[in-house]
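These values consider heavy atoms only, across backbone and side chains, with no hydrogens, waters or symmetry-generated copies. The sequence lines fix the lettering, A, B, ..., with proteins before strands; numbering per chain opens at 1. This structure is a prediction, so every number in the text was calculated from the model and none was measured.
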Protein chains: 2
Amino acid sequence: MLQDKWIQLAVVDDHPIVLHGLERLFAQEPHISIAGFFTTGAAFIDFMADNEVQVVLLDIALPDINGAELCRKIKQLSPATCVLAFSSHSERAVIMQLLQNGASGYLLKNIAAPELMQCLEEALNGQITFSTEVKKIMARPSAGELEPVLPLTKREKQILHLIADGKTNAAIAAVLLLSVLTVETHRKNLMQKFGVKNAAALIKAATQHQLL
Amino acid sequence: MLQDKWIQLAVVDDHPIVLHGLERLFAQEPHISIAGFFTTGAAFIDFMADNEVQVVLLDIALPDINGAELCRKIKQLSPATCVLAFSSHSERAVIMQLLQNGASGYLLKNIAAPELMQCLEEALNGQITFSTEVKKIMARPSAGELEPVLPLTKREKQILHLIADGKTNAAIAAVLLLSVLTVETHRKNLMQKFGVKNAAALIKAATQHQLL
DNA sequence: TTTTTTCTACCGGATTATTGGTAGTTTCTG
DNA sequence: CAGAAACTACCAATAATCCGGTAGAAAAAA
């Protein structure tokens, strides 16, 4: 832990028992000063307007805002503030979303106290840190659930991107100097490969397969 | 580093100079055994069929396959193998994609040798690790580039998800017990809020705004 | 209680997409 | 060089979406 410096830590969680437990835990830490406990995102954003916080432990299920969205807001208001997600949600997509929004780590609520302190220290030292269970999730290949899709040809990928851009078949034909009927065929082939029936489902599936 | 144990490390990079430099660097490490250097994904996948590798340093721009895709394949073939992306690409989307596919870290190629060894050690100890520059990128709020979208109502979110599932207006009406005309109005309102002209662009935009 | 917001519904015409495949040419691969 | 794969084009019928707003009822908020 940074020596002889008080770390202003805030906790945003809508469960009072959690807040109580964390309060007791941190009370024993000589270098951590509890800036506050908050049960809503709005309350914490208000608090940040006049108070500096170095670290936030952030639940993601809050009554007034999604934690990922709150994370983004916190980082926009105070980029130096270190946000650690602190949640019982263990889905990979949720973890990735918090990272995407600038979180410096993700801890599951089943974390042991010593590990929690370890992760806090790492985060304060600039690390991006995860509790052990989260590391296991991250290390797993993620797309086992996705049905593999037939490989797309070069032209198909081009057409796919243009469809995702919202272009009509006629517009795509103009861009690629093709017949509209050719574009229709490519679109039909794409939908067949993904096993979908319209463009909306095609774009969603392509995104899931990381083709967009 | 794990004591008295040889770490089988492989490098997959299509630049011979990089391979040469890493070879010299690791030659000085008593516990690292170079399993091999590979310039294509296919060559490495072949190698893995008969050889165990604990750690892979993986470039993402390879001649025959995208590094993110290769990462996914490696983790599918050998979930215990630790993959560290090793790249000059510093875009956040690329970093997230590697993490999504199970990478245990992401290092930029401008990393200093001591830091590289440090990250290797952390990765081998089960950490998810990033070089300093990457941590800076990760800590930045990411969505400053996205134009904010008007908030969606509860009903709009429902409609959006059903559109993304590929359902027609008639199907959505049946599911939600609404008139088809009502669903059309919601769809129109959604497209207006996102500033798009069709369902494909709507789904892409909604994905970018993390609404799907 | 009043005002605002959300939800619901309208609806015909124009536009676009989807459907059902078939098939010739060009490019690529072995 | 031969075979396979990719790309191109066909095309009418049908289905679905998009467009232009307006407007009343219900729910929520002040």
Side-chain angles (χ1 to χ4, degrees), chain A residues 40-43 46 63-65 148-207 211-212, chain B residues 40-43 46 63-65 148-207 211-212:
Chain A
T40 69
D46 277 350
D64 62 332
I65 190 173
V149 73
L150 292 167
L152 302 192
T153 69
K154 184 179 164 191
R155 204 51 142 175
E156 285 171 342
K157 286 172 182 171
Q158 274 189 306
I159 302 285
L160 179 62
H161 280 274
L162 292 168
I163 292 173
D165 288 340
K167 287 182 162 53
T168 63
N169 288 343
I172 294 171
V175 166
L176 298 179
L177 302 178
L178 298 173
S179 162
V180 168
L181 300 173
T182 300
V183 177
E184 283 178 20
T185 300
H186 285 303
R187 183 192 284 253
K188 176 165 35 190
N189 291 341
L190 280 164
M191 299 206 301
Q192 202 160 32
K193 284 187 171 179
F194 284 93
V196 297
K197 299 266 187 181
N198 63 27
L202 176 66
I203 300 310
K204 182 185 175 185
T207 301
L211 293 162
L212 283 173
Chain B
T40 68
D46 277 351
D64 62 331
I65 190 173
V149 73
L150 292 167
L152 302 191
T153 68
K154 183 179 165 192
R155 205 51 143 172
E156 285 171 343
K157 286 175 183 169
Q158 275 188 305
I159 303 285
L160 178 62
H161 280 272
L162 292 168
I163 293 173
D165 287 340
K167 287 184 162 55
T168 63
N169 287 343
I172 293 170
V175 167
L176 299 179
L177 302 179
L178 299 173
S179 163
V180 168
L181 299 172
T182 300
V183 177
E184 283 181 22
T185 301
H186 285 304
R187 182 191 284 252
K188 178 164 35 188
N189 291 341
L190 281 164
M191 298 206 302
Q192 203 160 30
K193 283 187 171 179
F194 284 93
V196 297
K197 299 262 185 186
N198 63 27
L202 174 67
I203 300 311
K204 183 184 174 187
T207 301
L211 292 162
L212 284 174

Response to the item:
Letter by letter from the 5' end, nucleotides 25-30 of chain C scores (B base, S sugar-phosphate only, - none; protein heavy atoms under 4.0 Å) ------

Work out which heavy atom in [X] is nearest to a heavy atom in [Y]; give both atom names and the distance.
X	Y	answer
A/F194	A/A205	CD2-CB, 3.7 Å
A/E156	A/K193	OE1-NZ, 2.7 Å
A/R187	A/A199	NH1-CB, 3.6 Å

Response to the item:
Interatomic distance, CE@A/M191 vs CG@A/N189, rounded to 0.5 Å, equals 10.0 Å

Discussion item. Quick check for you: to the nearest 0.5 Å, what is the distance between A/I159 atom CD1 and A/L152 atom CG?
Written reply: 11.5 Å

Worksheet item: DNA chain D: A/L177 or A/K193, which has the more 5' nearest nucleotide?
Response: A/K193

Item to complete: Nearest-nucleotide wise, let me know which of A/E184 and B/A200 is further upstream toward the 5' end of DNA chain D.
Response: A/E184

In whole angstrom, give the distance that lies between atom [atom1] of [X] and atom [atom2] of [N].
X	N	atom1	atom2	result
B/L178	C/dC7	CG	C1'	9 Å
B/Q192	C/dT6	CD	P	14 Å
B/I163	D/dA16	CD1	C1'	12 Å
B/N189	D/dT17	CG	P	16 Å
A/L181	D/dA9	CG	P	9 Å
B/I159	C/dC7	CD1	C1'	10 Å
B/L152	C/dT6	CG	P	11 Å

Any side-chain heavy atom of [X] sitting closer than 4.5 Å to one from [Y]?
X	Y	result
B/E184	B/V180	yes
B/L176	B/L162	yes
B/H186	B/I172	no
B/T185	B/L181	no
B/Q158	B/R155	yes
B/L212	A/K204	no
B/I163	B/L190	yes
B/I203	B/L160	yes

Worksheet item: Counting only side-chain N and O atoms of B/T182, is one of them less than 4.0 Å from OP1 or OP2 of C/dT8?
Response: no

Practice prompt. Specify the residue among B/K188 and B/N198 whose closest nucleotide of DNA chain C lies further upstream toward the 5′ end.
Written response: B/K188

Worksheet item: Base, sugar-phosphate, or nothing for B/K197, non-hydrogen atoms under 4.0 angstrom?
Response: sugar-phosphate

Worksheet item: With a non-hydrogen cut-off below 4.0 angstrom, is B/S179 in contact with a base, only sugar-phosphate, or nothing?
Response: sugar-phosphate

Fill in: N/O donor-acceptor pair, side chain A/T185 with base D/dC10, under 3.5 angstrom
yes

Out of [options], which nucleotide sits closest to the side chain of [X]?
X	options	value
A/R187	D/dT8, C/dA17, C/dC11	C/dA17
A/M191	C/dT8, C/dT19, C/dA9	C/dT19
A/H186	C/dT8, D/dC7, C/dT18	D/dC7
B/K154	C/dC7, C/dT19, D/dC18	C/dC7
B/T153	D/dC10, D/dC18, C/dT6	C/dT6

Discussion item. Please report the end-to-end axis angle for the helix from C/dT1-D/dA30 to C/dG30-D/dC1, five pairs per end, rounded to 10 degrees.
Written reply: 80°

Discussion item. Any residue in residues 167-176 of chain B with a heavy atom nearer than 4.0 angstrom to DNA chain D? Just list them by number, or reply none.
Written reply: B/T168, B/N169

